[in-house]
Amino acid sequence: MSTHPLEQIRLRLGLAILAIGWTGVAWTGEASAQQPNDDPTCDLPTLVGLELPTVPDTAPAIQTYDRLIPYGGTRLNLGVGHLVPSGDRPSSWRDALRLPLFHLPGMKQFAWISGGWAYEMETQVLRPLGTKGLVETGYEDPSFIVYEVRGDWLRFRYAAGEGDEGTAWTHRCFLRASPAPLTMQRWEELFQSDEISPLYFRTGAVHALRELPDTLAVPVKWIPSDENLYHLDPLEVAGDWMRVRVVQPSDYCTGPEAVEAVTHEGWVRWRDDDIGPRLWYYTRGC
């Protein structure tokens, strides 16, 4: 049985409000002007509004630069990717963010990131956003770690904490509607780009370079535990496995004319469930 177009619109609006769990609040501020969005999965700001918190009209005091360290033998969980500015990446992009935060997808918001502040509505705690709890992905340029994705919802770390503390969910719509729009980049995309240096293993252990992407495959060679003695050039990714070229010793900082490097190609297990990516790169160059 067909449904009248007006009823279809009402049904769609009702389902959206029910799914998100917001009741009659109003979106205000610059983000409301950034519509419509051609992506049909990203129409939440046009259907359901949010009430912005009252935050100081001055920027928070400059915080001491701090960030999470993913290398040096740590078991830090880096999740599945990170949030990056869409387009240019000015140093002050975090101060321009405006994002609602949720304990779970679809529940009523519990906090905001706005104007360089993190404001928890339930406790009325207001604190500078800062960089503690973020991971450095460029020279003194930290990113929000994304731990999991459920459809258009994602959970990321916005503050330091143990376990889920300091993490929250938000929707891709709000990443795009923020005055400083963000997008998610998965680690495999970043690792295969020209934006970073060659890769090495985060954990100090000897790793196998295998003929095939399988733990039972024959090792081609053993990669040394000292990351100063080699580097990995990614060639392709297949799930948790990456085909790489091992350059030993590394000629990344010295140039190929300075060392007589030997290369081998094969597969390495580049990520696991406990820590996400097992590989990393030099965020500050040589």
Side-chain angles (χ1 to χ4, degrees), residues 65-84 89 131 134-147 157 184-286:
Y65 178 69
D66 197 0
R67 84 285 190 207
L68 297 173
I69 306 295
Y71 44 85
T74 70
R75 301 290 298 176
L76 174 66
N77 186 350
L78 294 178
V80 297
H82 66 141
L83 297 180
V84 295
R89 186 166 178 153
T131 58
L134 281 63
V135 63
E136 187 172 79
T137 52
Y139 188 88
E140 294 194 359
D141 190 7
S143 296
F144 298 112
I145 301 171
V146 177
Y147 291 108
R157 178 166 297 285
M184 177 189 164
Q185 183 181 43
R186 291 187 174 272
W187 294 128
E188 54 263 46
E189 179 185 347
L190 176 64
F191 289 174
Q192 295 179 92
S193 72
D194 295 329
E195 304 172 33
I196 62 172
S197 75
L199 304 171
Y200 60 89
F201 280 96
R202 293 170 50 193
T203 54
V206 176
H207 295 273
L209 179 72
R210 299 188 182 276
E211 270 188 347
L212 299 170
D214 191 306
T215 53
L216 299 179
V218 175
V220 175
K221 76 177 304 289
W222 295 98
I223 302 171
S225 60
D226 187 345
E227 67 271 16
N228 297 305
L229 300 180
Y230 72 94
H231 75 247
L232 308 177
D233 294 323
L235 301 176
E236 65 175 300
V237 171
D240 293 340
W241 291 84
M242 180 183 290
R243 189 168 67 89
V244 299
R245 179 184 301 110
V246 181
V247 180
Q248 188 178 1
S250 175
D251 58 9
Y252 171 63
C253 290
T254 60
E257 69 284 350
V259 298
E260 294 185 7
V262 177
T263 64
H264 296 84
E265 292 187 10
W267 293 86
V268 297
R269 181 79 178 269
W270 77 274
R271 70 180 175 192
D272 62 35
D273 294 337
D274 292 333
I275 64 173
R278 304 167 73 191
L279 306 177
W280 201 242
Y281 58 96
Y282 295 108
T283 59
R284 303 191 177 201
C286 297

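Inter-residue side-chain proximity for L232 and I223 is flagged as met; some heavy-atom pair is nearer than 4.5 Å. Taking the side chain as every heavy atom from C-beta outward, L279 and M242 approach each other to under 4.5 Å.
Residues meeting the side-chain hydrogen bond (donor to acceptor under 3.5 Å, both in side chains) test with T283, sequence neighbours left out: E136. Applying the side chain to side chain contact (heavy atoms under 4.5 Å, CB included) criterion to L229, with sequence neighbours excluded, gives P224, D226. Annotation: side chain to side chain contact (heavy atoms under 4.5 Å, CB included) contacts of D274 (sequence neighbours excluded): R75, D272. Take L134 and apply the side chain to side chain contact (heavy atoms under 4.5 Å, CB included) test, not counting sequence neighbours, and it matches R94, P142, F144. Residues satisfying the salt bridge (Lys or Arg N to Asp or Glu O under 4.0 Å) criterion with E189, sequence neighbours excluded, are absent altogether. Applying the salt bridge (Lys or Arg N to Asp or Glu O under 4.0 Å) rule to R186 yields no partners; only residues at least two apart in sequence or on another chain are considered. Scanning for side chain to side chain contact (heavy atoms under 4.5 Å, CB included) contacts around I196 gives L190, F191, L199, Y281, with sequence neighbours left out. When the side-chain hydrogen bond (donor to acceptor under 3.5 Å, both in side chains) test is applied to E140, no partner is found at least two apart in sequence or on another chain. With sequence neighbours left out, R269 forms a salt bridge (Lys or Arg N to Asp or Glu O under 4.0 Å) with D240. Residues satisfying the salt bridge (Lys or Arg N to Asp or Glu O under 4.0 Å) criterion with E188, sequence neighbours excluded, are R271.
Minimum heavy-atom separation, P234 to V244: CA-CG1, 4.2 Å. In plain terms, the two heavy atoms of P219 and A208 that are nearest each other are CB-CB, 4.5 Å. Of all the heavy atoms in D251 and A261, the pair that sits closest is OD2-CB, 4.4 Å. Counting all heavy atoms, side chain and backbone alike, P277 lies closest to G79 at CD-O, 3.5 Å. Heavy atoms only, all atoms of each residue included: R202 and W280 are closest at CG-CB, 3.6 Å.
Between the CG atom in L235 and the CZ atom in R243 there is a gap of 4.5 Å [rounded to 0.5 Å]. Rounding to the nearest 0.5 Å gives a distance of 8.0 Å between NE2 of H264 and CG of L209. Note that the CH2 atom of W187 and the CH2 atom of W270 stand 9.5 Å from one another [nearest 0.5 Å]. Annotation: the span from L68 atom CG to S143 atom OG amounts to 11.5 Å, rounded to 0.5 Å.
Within the 3.5 Å criterion, the main-chain N or O of Y252 finds a donor-acceptor partner in the side chain of S250. Under the 3.5 Å distance criterion, the side-chain polar atoms of S225 are left unmatched by any main-chain donor or acceptor of G204.
For residues 208-225, there are no salt bridge (Lys or Arg N to Asp or Glu O under 4.0 Å) pairs, not counting sequence neighbours. Residue pairs satisfying the ring-ring contact (aromatic ring centres under 6.0 Å, His included) criterion with at least one member in residues 202-244, sequence neighbours excluded, are listed as follows: F201-H207.
Of the candidates I145, L78, I275, L78 is the only one forming a side-chain contact (heavy atoms from CB on, under 4.5 Å) with P70.
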